[in-house]
Structures are given as structure tokens and as C-alpha cells.
Amino acid sequence: MADRRIPLIAGNWKMNGLNAALVEIDKLAGLLGAGERPDCAVAICPPATLLSALSARAGATGILTGGQDCHPKASGAHTGDISAVMLADAGATYVIVGHSERRTDHHEDDALVRSKALAALGAGLTPIICVGEARAEREAGRAIEVVTSQLLGSVPDEAGTNEVVIAYEPVWAIGTGLTPTIADVEAMHASIRSQLADRFGAAGKTIRILYGGSMKPANAKEILAVANVDGGLVGGASLLANDFYGIISAV
Ligand code: PEP
């Protein structure tokens with residue numbers, strides 16, 4: 001199938017995890033190695049402090065790693081920031097950009113997210129570009145309008161010729177245990193797909209669109225079966241290998 005997209009299950013550890021948490025990668029590798037390996041890519045985006053160690057530990061297991069954010073520039077006087085080049089140097093394959101927690105906590109707008117995605121591509125990383133509406137926007141019937149505007153502003157034109165991943169994460173579903181209805185997930189992912197196809201032609205049909213927001217082993221199968229859901233971006237349930245594997249094995 002020309003448009004076959006290999007699903008991606010990516011874990012976002014957020015600001016969680018000390019060195020002791022590195023054993024979770026060994027446990028996950030053990031679980032993945034024990035049975036038939038699901039036909040999907042698996043990645044973990046730990047805090048930057050653990051990225052090198054986790055990448056080294058993942059080694060040949062096939063588990064990929066990513067950063068949670070990057071600066072638009074490659075280097076310079078930006079205290080506390082980290083560049084895409086540095087993440088790549090630490091072993092990352094992916095970097096999350098535009099997560100709603102960055103958009104809220106650090107006032108990141110679409111233009112900044114786009115420049116971070118471009119920096120990621122320049123460093124040879126695949127950006128996971130997050131979009132998603134707030135609860136009030138969904139209740140006002142504006143979810144698709146809001147996400148359409150975020151996509152236009154956050155996804156660079158270079159996505160037509162480079163690998164990028166989109167993550168649809170309704171803000172009100174993140175960390176709350178709430179999820180949209182399956183019909184709403186389907187409608188949003190169909191809308192995102194049609195915008196990507198309109199903008200990037202055939203390339204737009206190859207871009208993976210992840211769902212994120214309270215994905216758990218118990219609901220993963222139903223969500224991952226929805227058309228145009230090409231995997232998940234998983235927060236809380238990625239912290240423990242058993243939970244994360246429960247989602248991976250639902251692919
Ligand atoms: C996230 O923060 O990207 C996320 C999806 O979190 P959770 O799975 O905990 O809702």
C-alpha cells in the first residue's frame with residue numbers, strides 16, 4: 001500500500017525521571033523482545049538530563065529516543081536552552097515541539113514552534129509537532145478551526161520534503177483521564193489528513209498523525225484503530241514499561 005504509515009508510539013516523560021528510571025528501558029526492551037514485536041516504531045522522550053544515558057542504554061534494542069523541546073538556534077547565548085543539534089548529538093531521533101505545556105508555560109506561538117521544527121530538520125531530527133484545542137474552544141465548536149490554524153502556522157513548508165510527525169493532543173485530555181469520543185478523534189484526524197494532503201500532495205499522505213491525551217492500555221486499541229491515527233504520544237502511561245508496552249502491543 002503506497003500510503004502505508006508505520007505507526008509510532010512515543011512516550012513523553014515530561015519532567016519525570018531520575019537515573020533510577022533508566023531501568024524502565026531494560027524492562028521495555030525485555031517485553032518487546034519476549035513476544036512477537038508489534039509492527040510499529042517505539043520512542044521515548046526523557047528529560048534532557050537522561051537523553052544520552054537512555055540512548056546508550058536503548059542501543060540495539062530498536063527503541064528510539066527524542067527530546068521534549070529544542071531552541072530554534074544551533075548554539076549561542078541562551079541559558080537553560082538546548083538545541084536540536086545537541087539532542088541529535090545525545091542520540092535523539094525525534095524532538096517534540098509545540099507541546100501544549102510549552103505553549104502555555106512558555107508562551108510559545110505557532111511561529112516559534114515552526115522555527116523549532118525547522119531547527120530539528122536541520123539537525124537531522126524528526127520533529128513531532130503538537131497541536132490541539134483547549135476545552136473552551138471545543139465547547140464553542142471551534143476545535144477544527146483552532147487546529148487548522150495551528151497546523152498552518154506550526155508546520156513548515158519543508159514538511160513536504162522531510163519527515164515530520166503531527167501529534168493531535170486536545171489540551172483538555174492531557175493528564176486528565178478524559179478523551180474525545182472516537183467520532184471526534186476520527187473527524188479531527190480526517191481534517192488534519194485532508195489539510196496535509198491539500199498542502200503537501202502525496203507527501204501529505206505519508207505524514208504520521210499521532211493521537212495524544214490520556215491514552216492508556218485500556219483505551220489504546222480503540223483509538224489506534226481509528227482511520228488516520230498513526231500511533232500515539234503518551235505521557236503518564238509511558239513512565240512504566242508495563243503500561244507503555246500495553247499501549248504498544250495494542251497497535
Ligand atoms: C502528553 O503530555 O503528551 C500526554 C499525552 O500526556 P498524557 O498521556 O499523560 O495525557
Side-chain angles (χ1 to χ4, degrees), residues 7-17 21 24 28 40-48 50-51 54 64-70 87 92-106 108 113 116-117 120 125-135 137-138 143 146-147 150-151 154-155 164-182 184-185 188-189 192 208-224 226 228-251:
L8 167 65
I9 305 293
N12 172 14
W13 281 9
K14 311 192 187 195
M15 198 171 72
N16 296 296
E24 295 302 322
L28 183 61
C40 68
V42 175
I44 292 182
C45 303
L50 295 182
L51 184 58
L54 198 122
L64 302 170
T65 62
Q68 297 178 9
D69 178 51
C70 66
L87 297 171
T93 299
Y94 297 98
V95 59
I96 299 168
V97 295
H99 191 283
S100 65
E101 287 152 14
R102 301 285 317 172
R103 290 180 186 260
T104 303
D105 297 355
H106 299 272
E108 296 192 359
V113 174
K116 291 181 174 202
L125 299 178
T126 298
I128 300 175
I129 305 169
C130 301
V131 293
E133 81 286 355
R135 183 196 295 270
E137 292 164 338
R138 174 155 291 274
V146 166
V147 169
Q150 288 176 335
L151 278 176
S154 304
V155 179
V164 306
V165 175
I166 307 296
Y168 167 58
E169 300 204 301
V171 179
W172 51 273
I174 294 178
T176 59
L178 303 172
T179 52
T181 65
I182 291 299
D184 284 343
V185 173
M188 182 61 82
H189 280 243
I192 295 172
R208 286 179 287 193
I209 308 171
L210 312 186
Y211 168 80
S214 296
M215 190 181 266
K216 313 270 178 229
N219 62 19
K221 207 174 181 73
E222 197 182 13
I223 295 172
L224 292 169
V226 173
N228 289 302
V229 173
D230 306 311
L233 182 55
V234 183
S238 70
L239 293 172
L240 296 176
N242 276 326
D243 292 343
F244 196 41
Y245 181 72
I247 292 175
I248 295 165
S249 57
V251 170

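Numbering of ligands and ligand atoms starts at 1, following listing order. Worth saying up front: this structure is predicted, and the values here are computed from it rather than measured.
Across Ile166, Asp184, Ile209, a single residue satisfies side-chain contact (heavy atoms from CB on, under 4.5 Å) together with His189, and that is Ile209. Just one of His99, Lys116, His106 meets the side-chain hydrogen bond (donor to acceptor under 3.5 Å, both in side chains) condition when paired with Asp69; it is Lys116.
Between Ala237 and Met215, the closest heavy-atom pair is CB-O, 3.5 Å.
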Give every donor-acceptor pair under 3.5 Å between a side-chain atom in residues 244-251 and any protein atom, sequence neighbours left out.
from: Ser249; atom 1: OG; to: Tyr245; atom 2: O; distance (Å): 2.9
from: Ser249; atom 1: OG; to: Gly246; atom 2: O; distance (Å): 3.3

task = Give the intermediate values and the outcome of side chain to side chain donor-acceptor pair (under 3.5 Å) for residues Ser154 and Arg103.
result = CA-CA 12 Å; Ser154 304; Arg103 290 180 186 260; 3.0 Å; yes

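For ligand 1, the protein residues placed under 4.0 Å by at least one non-hydrogen atom are Asn12, Lys14, His99, Glu169, Ala173, Ile174, Gly175, Gly212, Gly213, Ser214, Leu233, Val234, Gly235, Gly236.
Atoms NZ and CD1, from Lys14 and Ile174 in turn, are 5.5 Å apart once rounded to the nearest 0.5 Å.
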